[in-house]
Amino acid sequence: MASDLQLLGPVHVVSLNYTQYSSRYDRFLAGDISPAFNPRLGGGALLDLNVYNIHLAVSLFGAPLDVHYFSNLQKGVDTSSVLVLAYDDKQASLTAAKDSQAFAHNLRVIAVLEAARDCMP
């Protein structure tokens, strides 16, 4: 897939989004802390969801030059967050949330890359 990036032309801004309202979120708010919300057990937005965005971004663009992390903390765990990866020629915004729902941009990126590959001679 990384080789197909050239078909899109220069990429300067990347937005990857993995948000999913957790079926355990309401119980978490009530005080029932399941592994999905326990950072010591791999829970939270970064460890449970954004790791997939990170994997895709690093697979496509390599290691970033700089990283910034902004999270919404509830009860000591990041329930939603934005991770910004800085590259020489682009910025990547990686969003993950367990406390809200949004369209998964990762799927759109993959579809665009596949469509671009299929349309080229």
Side-chain angles (χ1 to χ4, degrees):
M1 183 170 19
S3 62
D4 292 332
L5 281 176
Q6 65 188 7
L7 300 175
L8 296 176
V11 175
H12 299 289
V13 176
V14 177
S15 176
L16 303 176
N17 186 323
Y18 188 165
T19 57
Q20 175 178 318
Y21 190 88
S22 174
S23 61
R24 298 172 186 93
Y25 182 62
D26 293 331
R27 291 192 333 239
F28 165 76
L29 292 176
D32 179 9
I33 311 299
S34 68
F37 288 96
N38 186 333
R40 291 182 302 242
L41 300 176
L46 177 65
L47 297 176
D48 194 24
L49 299 178
N50 223 354
V51 67
Y52 298 103
N53 292 329
I54 295 166
H55 180 77
L56 179 58
V58 172
S59 294
L60 291 174
F61 308 114
L65 299 175
D66 201 7
V67 176
H68 297 278
Y69 185 64
F70 308 94
S71 63
N72 295 314
L73 294 175
Q74 296 183 56
K75 301 178 189 274
V77 67
D78 59 332
T79 55
S80 52
S81 62
V82 176
L83 180 70
V84 178
L85 306 180
Y87 294 88
D88 273 339
D89 60 344
K90 70 183 68 49
Q91 301 294 313
S93 171
L94 286 56
T95 302
K98 300 171 96 61
D99 57 7
S100 58
Q101 182 67 46
F103 180 76
H105 293 278
N106 296 16
L107 299 176
R108 188 169 72 176
V109 168
I110 292 168
V112 167
L113 291 172
E114 289 176 354
R117 182 184 58 224
D118 293 342
C119 292
M120 299 305 277

(request) Could you tell me which residues satisfy ring-ring contact (aromatic ring centres under 6.0 Å, His included) with Tyr21, sequence neighbours excluded, listed by chain and number? (result) Tyr25

(message) Using modelled atom types and a 3.5 Å cut-off, is there a donor and acceptor pairing between side-chain atoms of Asn17 and backbone atoms of Thr19?
(response) yes

(request) Could you state whether Leu47 and Leu49 fall into the same hydrophobic cluster, counting links through intermediate Ile, Leu, Val, Met, Phe, Trp or Tyr residues with side-chain heavy atoms under 4.5 angstrom apart? (result) no

(request) Carefully, step by step, assess Leu56 and Leu16 under the rule side chain to side chain contact (heavy atoms under 4.5 Å, CB included). (result) CA-CA 9 Å; Leu56 179 58; Leu16 303 176; 3.9 Å; yes

(request) May I ask whether Leu83 and Phe61 are part of the same hydrophobic cluster, defined by side-chain heavy atoms of I, L, V, M, F, W, Y residues being less than 4.5 angstrom apart, directly or through others? (result) yes

(request) Write out all pairs satisfying side chain to side chain donor-acceptor pair (under 3.5 Å) with one or both partners inside residues 27-41, taking only residues at least two apart or from two chains. (result) Arg27-Asp32

(message) Show me the pairs that pass side chain to side chain donor-acceptor pair (under 3.5 Å) and involve residues 85-98, at least two apart or across chains.
(response) Asp48-Lys98

(message) Starting from Leu85, can I reach Val11 by hopping between I/L/V/M/F/W/Y residues whose side chains sit under 4.5 Å apart?
(response) yes

(request) With rounding to the nearest 0.5 Å, note down the distance linking NZ in Lys75 to CZ in Phe28. (result) 6.0 Å

(request) Ignoring hydrogens and angles, tell me if any N or O in the side chain of Ser71 forms a donor-acceptor pair with the backbone of Leu73 under 3.5 Å. (result) no

(message) Hydrogens and angles aside, do Thr79 and Asp99 bring a side-chain donor and acceptor to less than 3.5 Å of each other?
(response) yes

(request) Mind checking the NE2-CG spacing from His55 to Leu60? Nearest 0.5 Å is all I need. (result) 9.0 Å

(request) Indicate yes or no for a side-chain donor-acceptor contact from Asp78 to the backbone of Leu46 under 3.5 Å, with no hydrogens or angles considered. (result) yes

(message) Tell me whether Tyr69 shares a hydrophobic cluster with Leu94, the cluster being built from Ile, Leu, Val, Met, Phe, Trp, Tyr side chains joined at under 4.5 Å.
(response) yes

(message) Donor-acceptor check, side chain of Asn50 to backbone of Ala45, threshold 3.5 angstrom: yes or no?
(response) no

